[in-house]
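Read the structure below first, then the notes.
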Amino acid sequence: MIKDEIAELVHHAIEEAQKRGALPTFDIPKIPVERPKQEGHGDFATPVCLQLASSARMAPVRIAQAIVEHLAHPDYLDSVEVAGPGYMNFVLSTRWLAQQVEVILRAGERYGDIDLGKRRKVQVEFISANPTGPLHIGSGRNAVVGDVLANVLVAAGYDVQREYYVNDAGTQMGLFAESLYARYAQALGQDEPMPEGGYQGSYMVAMGQRAAREYGRRFLDMERSEALKALGDIGLKYTLESIQADVALMGIHFDHWFSERTLYEDGTFDRVMALLRERNYIVERDGAVWFTATALGGDKDEVIIRSGGAPGYFASDIAYHYDKFVRRGFDWVIDVWGADHQGHVPRMYAMMRALGLDPKRLSIIIYQLVTLKRGGEVVRLSKRTGDMITLREVLEDVGVDAVRFFLLSRAVESQMDFDLELAKEHSNENPVYYIQYAHARISSILRVAQERGLESDGGDVSLLSHPMELALIRRMLMLPEVIELAATNLAPHHLAAYALDLASQFHVFYRDCRVVSSDPADYELTRARLKLVRAAKIVLAKTLRLMGMSAPEQM
RNA sequence: GCGCCCGUAGCUCAGCGGACAGAGCAGUGGUCUUCGAAACCAAAGGCCGUGGGUUCGAAUCCCUCCGGGCGCGCCA
């Protein structure tokens, strides 16, 4: 990336200036290169001279001048200026900018991809909602953050695997089976009470009826424990089908659906327990088996095996992460969790240390919860305590692209309200359409050009020199930087902001620069601009694709 | 009480320790005889919650207080 080349350029210039005595000797720091927010401050800038003032004991402006005098002159730079209190501003050359259109056209769909990841194996585990009911809007945020992050990491050069962890073992699953049993029995006219703390949602009633319809009375005649087991599996199947349909509706594909149960069936859990015992991280207390997280920086110890003999959720988590790192060999694992699981994070890092794994290999993204509202009123979301608005309903009401964009466009640490009424009302005055409209407009221009028999092949991009042409190219060139930013900070929302910027820049270009001209004198310019427009389409489509949104040819 | 996250324009939110704090929506005024007006332009709108500190430089980092969210189970 040019940003890095400029940093290197400055670094060399400082060395050179020191060698010739224009600057005193000091350790050269990492050169920060930023995008100035102010127009007129060039394409890139570095405030490094301000930092250097004390170690060089010179005024920042004089340092900057000394550096500029020893700077090489690569073809991508037009000028370097010393400005303000000692900034160095770099302006890209028009010729080089115009040439980038060809570079983008050649790269095609791969444009923007960078090699940050060096093919390292990374797993993104997301959603992983309990299979005890339909997904809701909170899972939607999890889905979008995880999916887009995975897309970004692919573009950043990682070898990415997407995984959904299916909690098909444990207490909640048992409660779910009992709830389903009750609804099933009721559907067949039996007077069966719901279990204490059972799943009250109306979807359970529907599920009970479905089971009754598909399997008849057979489970009523069985031993209760056997019936619960069988019905639990059936309910699990129903729920997973529904979750998989929701996920598919959002355009998400998981590489692997990992069953929690298998951790107990294939001996992984036993192996991990043996390992932890060996390392003395296991104690027995009050009849339960504990993991001593506090010995490893955790905030409290954690029950692994409950006094009743059943493993707790943390038991699965340890075994699961052992499987991820040790058995499957992921270099890096990213878990996407809602803020309600926040308190669990310190124990996870304690677990990494206990397993002898570098905690840096685990990243846990905590996103703040989404409050669903309808006309300003809060809608409850709990699966356990009753009815709720499902993700499916929201997707069907508001549209997949709009939901995805909305959930993506805020930083994960910011809490958000999702108002159904507002989302629908604004569906025509929506940033989603603003971005997609730019893509449709581009497509339309290319259609018109084709109808008039204009081809962009052979167009000469060096004719591109209009300020708005160059501004558009400049914006297109930021995509790799945005991907790098989103990947290093695990912050996919930067893409949303970039998409808006890019679309806006295109609309402005469209205002000032006519592409398809009927004037024969404009023939060459038209062909050059068609190339630019094709390149813009590539970049915008790529950005939309990274966000998992459609890039419509027309709207 | 303790821990984590958030307080930025009327609303929803961007803003990687750097130059004069931005966008979308809403509201005001303007722009369609040629490529899509789902667009563009202009004006307006802000003690960046409060008070301290670190720094050449703080919306950004640290601390106090105020306000909101989420945790603090042998549930996940």
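Each chain gets a letter, A, B and so on, in the order its sequence line appears, and its residues count up from 1.
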If you only use heavy atoms from C-beta on, which nucleotide in [options] is closest to the side chain of [X]?
X         : options                : answer
Asp340(A) : C5(B), C74(B), C70(B)  : C70(B)
Arg511(A) : C41(B), A76(B), G71(B) : C41(B)
Leu485(A) : A76(B), C16(B), C35(B) : C16(B)
Arg514(A) : C20(B), A19(B), C35(B) : C35(B)
Pro431(A) : C6(B), A76(B), G24(B)  : G24(B)
Arg452(A) : C4(B), U34(B), C5(B)   : U34(B)
Gln172(A) : A19(B), A38(B), A76(B) : A76(B)
Leu369(A) : C16(B), A19(B), C70(B) : C70(B)
Ile445(A) : G69(B), C35(B), A76(B) : C35(B)

- Message: Please name the nucleotide paired to G27(B) by Watson-Crick or G-U wobble geometry with both distances under 3.5 Å, or report none.
- Response: none

Describe the nucleic acid contact of [X] in one word from base, sugar-phosphate, nothing, applying a heavy-atom distance below 4.0 Å.
X         : value
Val508(A) : sugar-phosphate
Asp519(A) : nothing
Ala438(A) : nothing
Val448(A) : sugar-phosphate

Separation of atom [atom1] in [X] from atom [atom2] in [N], rounded to whole Å:
X         : N      : atom1 : atom2 : answer
Lys300(A) : G73(B) : NZ    : P     : 6 Å
Asn489(A) : A14(B) : CG    : P     : 14 Å
Tyr367(A) : C6(B)  : OH    : P     : 17 Å
Arg141(A) : C13(B) : CZ    : P     : 9 Å
Leu50(A)  : G57(B) : CG    : P     : 11 Å
Gln415(A) : C13(B) : CD    : C1'   : 13 Å
Ile366(A) : C6(B)  : CD1   : P     : 13 Å
His344(A) : C74(B) : NE2   : P     : 13 Å

With rounding to whole Å, what would you report as the distance between [N] and [M] at their [atom1] atoms?
N      : M      : atom1 : value
U64(B) : C2(B)  : P     : 10 Å
U8(B)  : U60(B) : C1'   : 12 Å
G15(B) : G71(B) : P     : 25 Å
G49(B) : C41(B) : C1'   : 35 Å
C16(B) : A76(B) : C1'   : 35 Å

Using a distance-only criterion (donor-acceptor N/O pair, under 3.5 Å, no hydrogens), is the base of [N] paired with the side chain of [X]?
X         : N      : answer
Asp501(A) : A14(B) : no
Tyr437(A) : A38(B) : no
Ser414(A) : C13(B) : no

Please tell me if [X] has a side-chain N or O lying less than 4.0 Å from either OP1 or OP2 of [N].
X         : N      : result
Ser409(A) : A14(B) : no
Tyr510(A) : A37(B) : yes
Arg306(A) : C75(B) : yes
Arg441(A) : A37(B) : yes
Lys37(A)  : G22(B) : no

- Do Asn130(A) side-chain atoms and Thr132(A) backbone N/O form a donor-acceptor pair below 3.5 Å? no

- Message: Main chain of Arg475(A), side chain of Tyr498(A): is a donor-acceptor contact present, judged purely on distance under 3.5 Å?
- Response: yes

- What is the ring orientation for Tyr165(A) with Tyr320(A), classed by angle as parallel under 30°, tilted 30 to 60°, or perpendicular over 60°? parallel

- Query: Do Tyr313(A) and His344(A) have their ring centres less than 6.0 Å from each other?
  - Reply: yes

- Below 6.0 angstrom between ring centroids: does that apply to Phe258(A) and Tyr164(A)? no

- Query: What's the verdict on ring pair (Phe, Tyr, Trp, His ring centres under 6.0 Å) for Tyr437(A) and His507(A), showing C-alpha distance, side-chain angles and the deciding distance?
  - Reply: CA-CA 9 Å; Tyr437(A) 181 69; His507(A) 288 308; 5.7 Å; yes

- Per-pair stack call His41(A) and A19(B), 5.5 Å, 30°: yes

- Task: Could you classify C20(B) for me, syn or anti, using a glycosidic angle within 90° of 0 as syn?
- Result: anti

Could you list the donor-acceptor pairs under 3.5 angstrom formed by side chains in residues 285-293 of chain A, with sequence neighbours left out?
from      : atom 1 : to        : atom 2 : distance (Å)
Arg285(A) : NH2    : Asp301(A) : OD2    : 3.3
Trp290(A) : NE1    : Arg285(A) : O      : 3.1
Thr292(A) : OG1    : Tyr281(A) : O      : 3.3

- Is it the case that Arg35(A) places NZ or CZ above or below the six-membered ring of Phe44(A), under 6.0 angstrom from the centre and within 45 degrees of the axis? yes

